[in-house]
Participant: 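Just dropping this structure here.
These figures come from a predicted structure and were not determined experimentally. Letters A, B, ... mirror the listed sequences (proteins, then strands); counts begin at 1.
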Protein chains: 2
Amino acid sequence: MVELHQLEAFEAVVAHRSFTRAAVALHLTQPAVTRQIAALEKELRAPLFDRLGRTVQMTTAGETLHRYAESIVRLAREARHAVADIEAGAAGRVAVGASSTLATYVLPPLLRRFREAYPRVEITVHTGVSAQVLEMVRVNEADIGLVTGDVPDRALTATALADYETVVVVPPSHPLAARSSISASELAGSPLIMMEAGTNLRTYVDGLLSAAGVEEQVTMELDNVEAIKRMIEAELGLSMLPEVSVSAEVASGRLVALKLTGVPHARRRIRLVHRRDKYLPTALQAFMRLLQTAAKNTG
Amino acid sequence: MVELHQLEAFEAVVAHRSFTRAAVALHLTQPAVTRQIAALEKELRAPLFDRLGRTVQMTTAGETLHRYAESIVRLAREARHAVADIEAGAAGRVAVGASSTLATYVLPPLLRRFREAYPRVEITVHTGVSAQVLEMVRVNEADIGLVTGDVPDRALTATALADYETVVVVPPSHPLAARSSISASELAGSPLIMMEAGTNLRTYVDGLLSAAGVEEQVTMELDNVEAIKRMIEAELGLSMLPEVSVSAEVASGRLVALKLTGVPHARRRIRLVHRRDKYLPTALQAFMRLLQTAAKNTG
DNA sequence: TAAAATCCATGCGATCTACGTATGGCAGCG
DNA sequence: CGCTGCCATACGTAGATCGCATGGATTTTA
């Protein structure tokens, strides 16, 4: 079997045109180099050097091998560096699975900060509802996932990041706009613009309202938070949305958010999930730390 | 140290997505493969596979290594084949040093036959006088040399191929043209067209004539056999040339060659020379055999 | 849900390999 | 003709690799 250390010895002999000098360069003794070359020559069934008195010169076979050995040794060196880069976090890839709300309103600034710290790390984001995200992580399509709700899978590790703060969103012209908080029961009779059935958000809101004994008055159903916000701005109704999804409009005065009082929000806990048996490269670890500190600082 | 057999094991695991199946493909046991990968991971300080329950998947570092390992393993395979081709004579390079007479009149048909047998072998021919050719061989610029005269160097091996047959060349219109042979002494008084001083041929001819007690009547001195022949055709004189250099013109009737009688031709022996300590690849050996059989057949 | 099957990791002993030291042989040089 | 420089070889030791046996964990199956 031809081995890399033999090719390195061969290249050293070529470079130094001497077994002895090659041995010095390789921190070996001359007999060791002689045997490496002899092993190569035996394995390839071809002499690689003519031992011409005091000098050595490549044979035709040696020149041929040299052309390949050069590339092989160089590639091996590059491979080491490339892997070291990965390990140092200087390169790599992070695949994140997240709900579209998080992907749209929370991840962008965080990813921007991450990119500044790790500019050569590729980032991919796949969106989906929590169950889909969990599946992505389970089959290793995503390195980590951001999900709401429980994580029943024993193979996955979950750490709580923060809670979705759900707020009631109204247009600035709305009578409620002057208030800062509201209870679920006060929403009875209001025209509600809702996410379409089957989403985590809809299930949660339905639960809130029915617990408060409120009969829903759904005037509109959309599959898209952005669209819902535009509807509210057009004064077609009000809605209950994650605070993160409206903070920009609230700051600019285009929408008003009211705190919901008397509501347990543990059920809307955001969790960071990854496979328990998966190795976490440096870049991935750094990204996870970034998520955790960001969660702590915002609530 | 990263080794080729480890990379092959790594590639096998990647290809089969399983240590066990890789082991079968490599004719090894599974623990052996496990240890190869473990050694790589320790050496590179990076896990290469996530052991996800029943399946294994590459980590980011693994994918990075894979990109390099693929090329490295492929190049190593190609190198083996390339060297084997050289060794089988299917490829390679043959560098010949020869006098210009041999290079011009003898080598072409032989090289043509050689190329038919070994089409992928590169052939280079360097011309020079015998001393130059010997030097080419000595410093390994030429694999073999074709020289006339003695080979004093103990580091070189010489085998006799044939003798230059030196003939007297006259135009068809010349009075001597009707004869088939001539002695050196009969050339007294004839206008001679000679090679320039310092060449082997000139030295030889000078020796011949002075041994026969003939005073030379040199009408012209040229450094080029072709030019001499044109001069003879133009009826400007006659000359003594190697038979091989005029056989084409003799066959077509443009020149007439007369045998020289009473002349020892041992001093114009053509010898095949190569370094004693040089390895002779298959293609080179074949070419040398070709030269020897050609010499035997032509006398 | 318990048993069976599958797969990777690890401990152990034997074998093989690769190294360094010492030494020999050969060519080139004074 | 001895000296020097360089590659090849012999030998003993240290380390590496292999197969076998086995353990631990997960997935599949009954």
Side-chain angles (χ1 to χ4, degrees), chain A residues 1-10 12-43 47-59 62 138-140 153-157 275-279, chain B residues 1-10 12-14 16-43 47-59 62 135 137-140 152-157 275-279:
Chain A
M1 177 71 73
V2 173
E3 289 298 342
L4 260 178
H5 70 273
Q6 295 170 342
L7 294 181
E8 300 213 24
F10 174 78
V13 173
V14 170
H16 293 94
R17 287 184 298 281
S18 154
F19 284 50
T20 305
R21 286 197 296 273
V24 173
L26 296 166
H27 305 292
L28 286 176
T29 58
Q30 168 265 315
V33 174
T34 293
R35 276 189 300 259
Q36 309 266 24
I37 303 301
L40 267 180
E41 291 179 326
K42 185 180 173 191
E43 172 67 26
L48 300 172
F49 294 102
D50 283 316
R51 280 76 164 174
L52 305 175
R54 178 157 279 176
T55 62
V56 292
Q57 285 196 29
M58 279 185 276
T59 61
R138 221 183 54 75
V139 303
N140 206 21
D153 198 328
R154 285 265 308 143
L156 303 183
T157 299
R275 273 195 75 123
R276 189 183 302 281
D277 50 8
K278 189 173 158 68
Y279 170 74
Chain B
M1 177 73 70
V2 173
E3 289 298 343
L4 260 178
H5 70 273
Q6 294 170 343
L7 293 181
E8 300 214 25
F10 173 77
V13 173
V14 170
H16 292 95
R17 288 183 297 281
S18 152
F19 284 50
T20 304
R21 286 196 296 274
V24 173
L26 295 166
H27 304 292
L28 287 175
T29 59
Q30 168 265 315
V33 174
T34 293
R35 277 188 294 256
Q36 308 264 25
I37 303 300
L40 266 181
E41 291 179 327
K42 186 179 172 191
E43 172 66 26
L48 300 172
F49 294 102
D50 282 315
R51 282 74 164 177
L52 305 176
R54 179 158 279 179
T55 61
V56 292
Q57 286 197 28
M58 279 185 275
T59 61
E135 181 65 12
V137 174
R138 220 183 55 76
V139 303
N140 207 21
D153 198 328
R154 286 267 307 143
L156 304 182
T157 300
R275 275 194 75 121
R276 188 183 303 282
D277 51 9
K278 189 173 158 70
Y279 170 74

Participant: Quick one: on DNA chain C, does B/R276 or A/E3 contact a more 5' nucleotide (nearest heavy atom)?
Facilitator: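 Looking at the nearest nucleotide for each, A/E3 comes out on the 5' side.
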Participant: Just wondering, are more than 12 heavy atoms of other shown residues or ligands nearer than 6.0 Å to CZ in B/R276?
Facilitator: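 Check passes, neighbour count above 12.
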Participant: Could you state the atom-to-atom distance from CZ of A/R17 to C1' of D/dC6 in whole Å?
Facilitator: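 To the nearest whole Å, that distance equals 15 Å.
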Participant: Considering just the side-chain nitrogens and oxygens of B/S18, establish if one lies under 4.0 Å of OP1 or OP2 belonging to C/dC7.
Facilitator: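 Answer is no, no contact under 4.0 Å.
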Participant: What heavy-atom pair brings A/Q36 and A/A9 nearest, and what distance separates the two atoms?
Facilitator: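 Residues A/Q36 and A/A9, closest heavy atoms: CB-CB, 3.9 Å.
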Participant: Would you mind reading off the distance between B/K42 atom NZ and D/dG15 atom P, rounded to a whole angstrom?
Facilitator: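 After rounding, the gap between these two atoms is 13 Å.
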Participant: Write down the distance between CG (A/D153) and P (D/dT27), rounded to a whole number of angstrom.
Facilitator: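 Rounded to the whole Å, the gap is 9 Å.
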Participant: Hey, can you pull the residues of residues 48-59 of chain B with a non-hydrogen atom under 4.0 angstrom from DNA chain D?
Facilitator: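 Residues of residues 48-59 of chain B under 4.0 Å from DNA chain D: B/G53, B/R54.
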Participant: Measure CZ/A/R154 against C1'/D/dT26 and give the value in whole Å, please.
Facilitator: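 These atoms are roughly 12 Å apart.
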Participant: Among residues 25-38 of chain B, which ones have heavy-atom contacts with DNA chain C below 4.0 Å?
Facilitator: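 The stretch gives B/Q30, B/P31, B/T34, B/R35 as the residues lying under 4.0 Å from the strand, ordered by number.
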Participant: Provide, to the nearest angstrom, the distance between the CZ atom belonging to B/F19 and the C1' atom belonging to D/dG19.
Facilitator: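 Roughly 18 Å, once rounded to whole Å.
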Participant: May I ask you to test the B/L40-B/L7 pair for a side-chain heavy-atom distance under 4.5 Å?
Facilitator: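 The answer is yes; the side chains approach within 4.5 Å.
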Participant: Could you state the atom-to-atom distance from NE2 of A/H5 to P of D/dT17 in whole Å?
Facilitator: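 Value for this atom pair: 10 Å.
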Participant: May I ask you to decide if B/L52's main-chain N or O and B/D50's side chain share a donor-acceptor pair within less than 3.5 Å?
Facilitator: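 No.
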Participant: Considering residues at least two apart in sequence or located in another chain, which fulfil the ring-ring contact (aromatic ring centres under 6.0 Å, His included) criterion with A/Y279?
Facilitator: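 Partners of A/Y279 under the ring-ring contact (aromatic ring centres under 6.0 Å, His included) test: none.
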Participant: What pair of heavy atoms forms the shortest contact from A/Q6 to A/A39, and how long is it?
Facilitator: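 Between these two residues, the closest heavy atoms are NE2-CB, 3.7 Å.
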Participant: In terms of relative ring orientation, are B/F10 and B/F49 parallel, tilted or perpendicular, with 30° and 60° separating the classes?
Facilitator: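 Ring orientation, 0 to 90° scale: tilted.
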Participant: If you assign each of B/T20 and B/D277 to its closest nucleotide in DNA chain C, which residue comes earlier from the 5' end?
Facilitator: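 With B/T20 and B/D277 compared, the 5'-side residue is B/T20.
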Participant: If I compare all heavy atoms of B/Q57 with all of A/V139, which pair ends up nearest, and what's the gap?
Facilitator: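 For B/Q57 and A/V139, the tightest heavy-atom pair comes out as NE2-O, 3.8 Å.
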Participant: Round to a whole Å and report the spacing from CD of B/E41 to P of C/dC8.
Facilitator: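 Rounded to the whole Å, the gap is 13 Å.
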Participant: Give the minimum heavy-atom separation between A/D277 and B/R51, together with the two atoms involved.
Facilitator: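 Scanning both residues, the minimum pair turns out to be OD2-O, 3.7 Å.
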Participant: Take atom OH of A/Y279 and atom P of C/dC8, then tell me their distance rounded to the nearest Å.
Facilitator: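 Interatomic distance, OH of A/Y279 to P of C/dC8: 21 Å.
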